[in-house]
Number of protein chains: 2
Amino acid sequence: MNTRKQHVIDIAHQLFIEKGFQATSIQDILDYSGISKGTFYNYFSSKNELLIALFTTLFKKIEKGQDDLLIGQDPKNIEIFIKQIQYKYETNRANKLLSLFDEVFYLNDEELKQFLKRCHIRSIRWLYERFIDIFGESKKPYLLDCAIMFRGILQNNQKYNSAANNSNVSIHDIVRYSVNRTVTMVEEVAETGEQLLPPELLDSWMPNCKKTNKAFQQKLYHSISTLKKSLIHNEDQAKYIELLDFILEELLHSKESRKFLIEMAIRSLKSEAGSLEKKELQQLEQLVANYFKQLEEAD
Amino acid sequence: MNTRKQHVIDIAHQLFIEKGFQATSIQDILDYSGISKGTFYNYFSSKNELLIALFTTLFKKIEKGQDDLLIGQDPKNIEIFIKQIQYKYETNRANKLLSLFDEVFYLNDEELKQFLKRCHIRSIRWLYERFIDIFGESKKPYLLDCAIMFRGILQNNQKYNSAANNSNVSIHDIVRYSVNRTVTMVEEVAETGEQLLPPELLDSWMPNCKKTNKAFQQKLYHSISTLKKSLIHNEDQAKYIELLDFILEELLHSKESRKFLIEMAIRSLKSEAGSLEKKELQQLEQLVANYFKQLEEAD
DNA sequence: AAATAATTGTACTGCCTGTATAAAAATCAT
DNA sequence: ATGATTTTTATACAGGCAGTACAATTATTT
């Protein structure tokens, strides 16, 4: 990667650590890195893209560090696992990755959200597979649940421990404590047979990005809600809202959206709309047209 | 409370559920509730204040609901506890409270953050005290850890279960499963004597809001970082940054800030500052003056 | 040296939160 | 009921933000 671009990422990372993502303006990044706005948008199409680039490099680094710890070692050895987790959390802490991750997850950007979800699932899957190494194939049906709970236990212990900053407990202690709890849990649920989520779910989570679909949903939702808003004080409000809700429903929740119905609904709205809504309706029409075009291409 | 004001809160709540807090603009709230901007800012001093008002009413409602379930019942009975937790999570889900809470925690507003932290600690304390009811005084030293871990287990189980929306596991099952794990954990740590956080910490967390202090910190930090930024291309950058960092350090991390040193530092900066920085320096001076005044009043 | 690509500076759009204020409407006190 | 006070409205405004547009300049390739 371009060293200049990497330099911008590093500066941004530093600023995100100090002030948080949302509190850091693009102008801040420009001032500190000494590049111009044009160059920034030549490198990244948006602030969120920069964040994705940052996360990508950090996650790669962490994954590599974790994998290196396993090389030439016995995967069954739980001490290695502890070292791996400890490494991850120490790196996270140094980079304030967890806060950043939390802060950013609920931003109103489908692409970013999908990316973060994928990272998330990836790390759960990693845990799950390491648990198979450690606890054996026979415990498999319970290990997704245990991976999820281990994550919760560790994360919360870590969070409250750093809140109690006077505490002299080290990350190593926290990891060991959390692992100890998990070992007992695995034994217990394997004994009683209790299960919440079957591990097969992981497969259905992984490839299922549907990125374009989600982005479409967001745009669609935005368009419909703008239209609804512009109708608030209209006398035939109820009728129009019904039509808009129908379009939404038909596009998102029916197995196969009926194109002619939706087109008819939009036409009907257009014929009675004021000039203000007309522009928005045209956008909606375009959006729907693109959606169907894309569907046909996929066949 | 004013019914009109409550109505605005309800409308806002609905919008936050549908679109999220950040994606809902004040204009949206005005349009849907039919009030004017002036009235809005008469009711709430900011969007964040509105959110605090919303959280306050919701939390009160949940706490009351939980307490009502305990009336006339045996506090030792774990079934009642399960019902209480189930009630809380069902209400949370209906109100999307957890997402809202997560979304909003990292906004750049100290007052809001302090408020949310207090809510957080409050709920952990509630768990801890219920655990004392259930598991007995003898287990007390381990019950803060267990409350924290229970929260993590439950929250994660719940999160992944709703992600796997095809799952037919009910909230009740998730709560019961999580409680079962916790019961074993309590026994285990009481046996082995492992402890991360002593419960006495709760007391030191609770009253210690230091709201004004935190708000001051935020303003101070902002002021210093603006000044730093304006010095980026200054030749004596390093010297000034050193001075600024000293002021920050002395004000925030020394037991008793030495007023005369800080005033001297600011004077020295002022004497050599450009006109641009002068305005910002004056604000910093004012901020520091107010801080010391407040300290003296507190004595 | 010419052609191509990267970078800069600046002005712009459009959205946002929050402020200011004068006019209108509603409520209260006498 | 009327005069005083508070609440509400409408509207314009300030300042900050992300992102776009584009012509002028500087680097890099060929």
Side-chain angles (χ1 to χ4, degrees), chain A residues 1-8 11-12 15-16 19-53 103-104 106-112 218-219 222-223 225-226 229-230 232-233 276 279-280 283, chain B residues 1-8 11-12 15-16 19-53 103-104 106-112 218-219 222-223 225-226 229-230 232-233 276 279-280 283:
Chain A
M1 164 137 30
N2 185 340
T3 64
R4 211 158 123 90
K5 187 173 171 182
Q6 187 57 54
H7 175 241
V8 176
I11 292 279
L15 288 168
F16 294 164
K19 320 209 294 181
F21 176 77
Q22 306 192 63
T24 301
S25 70
I26 287 181
Q27 198 54 52
D28 287 332
I29 300 170
L30 303 184
D31 293 345
Y32 277 93
S33 62
I35 64 166
S36 75
K37 208 165 202 176
T39 308
F40 180 91
Y41 280 102
N42 181 24
Y43 288 157
F44 314 99
S45 71
S46 70
K47 197 179 160 192
N48 289 350
E49 281 262 309
L50 160 63
L51 187 69
I52 290 180
E103 175 189 346
V104 135
Y106 288 96
L107 294 183
N108 204 29
D109 179 321
E110 262 316 315
E111 195 181 333
L112 181 59
Q218 189 178 29
K219 280 185 202 153
H222 177 258
S223 179
S225 89
T226 308
K229 226 175 103 173
S230 70
I232 290 175
H233 298 300
L276 248 172
K279 206 176 127 201
E280 190 60 38
Q283 280 182 25
Chain B
M1 165 139 28
N2 185 341
T3 63
R4 211 158 123 91
K5 187 172 171 182
Q6 187 58 53
H7 176 240
V8 176
I11 293 279
L15 287 168
F16 293 164
K19 320 208 293 180
F21 176 77
Q22 307 191 62
T24 302
S25 71
I26 288 180
Q27 197 55 53
D28 287 332
I29 300 170
L30 303 185
D31 293 345
Y32 277 93
S33 61
I35 63 166
S36 75
K37 207 167 199 175
T39 308
F40 181 91
Y41 281 102
N42 182 24
Y43 288 158
F44 315 99
S45 70
S46 70
K47 198 178 158 192
N48 289 350
E49 280 262 310
L50 160 63
L51 187 69
I52 290 179
E103 176 188 346
V104 136
Y106 287 95
L107 294 184
N108 204 31
D109 180 321
E110 261 317 315
E111 196 182 333
L112 181 59
Q218 189 178 29
K219 280 185 202 153
H222 177 259
S223 179
S225 89
T226 308
K229 224 175 106 172
S230 71
I232 290 176
H233 299 300
L276 247 173
K279 207 176 127 202
E280 190 60 38
Q283 280 182 25

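Quick note on labels: first sequence line is chain A, next is B, and so on, each numbered from 1. For the numbers below, each heavy atom of this structure counts, side chains included, while hydrogens, waters and symmetry mates do not.
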How does protein reach along nucleotides 12-27 of chain D, written 5' to 3' as B (base within reach of a heavy atom under 4.0 Å), S (only sugar-phosphate), or - (no contact)? -----SSBB-------

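With a heavy-atom cut-off of 4.0 Å to chain A, the contacted part of DNA chain C has its first and last nucleotide at C/dT7 to C/dT8.
Shown are A/Ile26, A/Leu112, A/Leu107; of these, the side chain to side chain contact (heavy atoms under 4.5 Å, CB included) with A/Lys47 is made only by A/Ile26.
Rounded to an integer number of Å, the gap from B/Tyr43 OH to D/dT8 C1' is 8 Å. One can place NZ of B/Lys5 at 15 Å from C1' of D/dT8, the figure rounded to the nearest angstrom.
Looking at heavy atoms from C-beta onward, B/Val104 lies out of side-chain contact with B/Phe16 at the 4.5 angstrom threshold. Within the 4.5 Å cutoff, no side-chain heavy atoms of A/Asn108 are placed close to those of B/Gln22. At least one side-chain heavy atom of A/Asp31 sits under 4.5 Å from a side-chain heavy atom of A/Gln27. Within the 4.5 Å cutoff, no side-chain heavy atoms of A/Asn48 are placed close to those of A/Glu111. Counting only heavy atoms from C-beta outward, the side chains of B/Lys5 and B/Phe44 approach each other to under 4.5 Å.
Within 4.0 Å (heavy atoms only), B/Phe44 reaches no atom of the nucleic acid at all.
Here the shortest heavy-atom pairing between B/Leu15 and B/Thr24 reads O-OG1, 3.5 Å. Residues B/Tyr32 and B/Ile11 share a closest heavy-atom pair of CB-CG2, 3.7 Å.
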